[in-house]
Chemist: 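Take a look at the following structure, please.
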Amino acid sequence: MTFLIANWFLILAALVSGGLLLWPLATGGGFSGGIKPTDAVLLMNREKAVVVDVCASDEFAAGHVVGARNIPLADLEAKLPAAVKNKALPVILVCASGMRSGRAVAIAKKLGYDKAQSLEGGMKAWRAASLPVEKA
């Protein structure tokens with residue numbers, strides 16, 4: 001008990017850091033602030049959103065959103081302007097779980113794609129919603 005009282009600040013720091021590490025799991029994992037798969041479908045149908053899969057080529061070939069374009073995250077900054085010329089169109093960035101697409105949104109916004117959004121939960125959430133998947 002004396003240890004706890006004498007080192008309360010270390011225990012508090014450990015609890016806070018542990019909580020911050022577990023936060024993504026508690027909120028569903030992946031990048032928060034993305035759009036849900038059903039909302040992505042609406043955006044694709046109503047506003048002609050372009051879907052860009054930022055997974056590696058082998059992951060893309062294993063299954064991707066129907067009509068998605070594959071630009072691996074490492075090549076996104078160089079290849080996105082050629083793949084999506086109209087910066088006014090919504091861009092939906094997808095990866096396996098939503099983590100890489102969250103980083104891709106930052107890159108796309110830096111390039112001027114103000115309507116860039118991440119698919120919350122990535123392909124895992126897309127499949128869970130029983131939405132169509134295409135294989136290359």
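This structure is a prediction, so every number in the text was calculated from the model and none was measured.
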Chemist: Please find the pair of heavy atoms, one from A40 and one from L119, that lie closest to each other, and give the distance.
Modeler: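 Residues A40 and L119, closest heavy atoms: CB-CD1, 3.9 Å.
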
Chemist: How far does CD1 of I107 sit from CZ of R100, to the nearest 0.5 angstrom?
Modeler: 12.0 Å

Chemist: Would you be so kind as to tabulate the donor-acceptor pairs closer than 3.5 Å made by side chains of residues 65-91, with sequence neighbours excluded?
Modeler:
from: R69; atom 1: NH1; to: A83; atom 2: O; distance (Å): 2.2
from: N70; atom 1: ND2; to: D53; atom 2: O; distance (Å): 3.1
from: N70; atom 1: ND2; to: C55; atom 2: O; distance (Å): 3.0
from: E77; atom 1: OE2; to: K110; atom 2: NZ; distance (Å): 3.0
from: K85; atom 1: NZ; to: A82; atom 2: O; distance (Å): 3.0
from: N86; atom 1: OD1; to: A88; atom 2: N; distance (Å): 3.0
from: K87; atom 1: NZ; to: L111; atom 2: O; distance (Å): 2.7

Chemist: Might you work through the side-chain contact (heavy atoms from CB on, under 4.5 Å) test for L43 and I35, ending with a clear yes or no?
Modeler: CA-CA 10 Å; L43 200 59; I35 85 173; 4.0 Å; yes

Chemist: May I have the step-by-step check of side-chain contact (heavy atoms from CB on, under 4.5 Å) for I92 and V94, ending in yes or no?
Modeler: CA-CA 6 Å; I92 302 169; V94 182; 4.2 Å; yes

Chemist: Output the distance between atom CZ (R103) and atom OG (S118), rounded to the nearest 0.5 Å.
Modeler: 11.0 Å

Chemist: So which heavy atom on P37 is nearest to which on A129, and how close?
Modeler: CB-CB, 4.2 Å

Chemist: When rounded to the nearest 0.5 angstrom, what is the spacing between CD in Q117 and OG in S101?
Modeler: 11.0 Å

Chemist: Would a single hydrophobic cluster contain both L42 and V50, if residues Ile, Leu, Val, Met, Phe, Trp and Tyr are joined by side-chain heavy-atom contacts under 4.5 Å?
Modeler: no

Chemist: Run the side-chain hydrogen bond (donor to acceptor under 3.5 Å, both in side chains) test against K36 and tell me which residues pass, sequence neighbours left out.
Modeler: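 side-chain hydrogen bond (donor to acceptor under 3.5 Å, both in side chains) check on K36 returns E120.
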
Chemist: Hey, could you give me the CG/CG distance between L15 and L20, rounded to the nearest 0.5 Å?
Modeler: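 One gets 11.0 Å once the value is rounded to the nearest 0.5 Å.
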
Chemist: When rounded to the nearest 0.5 angstrom, what distance separates CZ in F60 from NZ in K135?
Modeler: 13.0 Å

Chemist: At what distance, to the nearest 0.5 angstrom, does SG of C95 lie from NE2 of H64?
Modeler: 15.0 Å

Chemist: I would like to know whether L131 and V41 meet side-chain contact (heavy atoms from CB on, under 4.5 Å); could you show each step before the answer?
Modeler: CA-CA 9 Å; L131 293 167; V41 171; 3.9 Å; yes

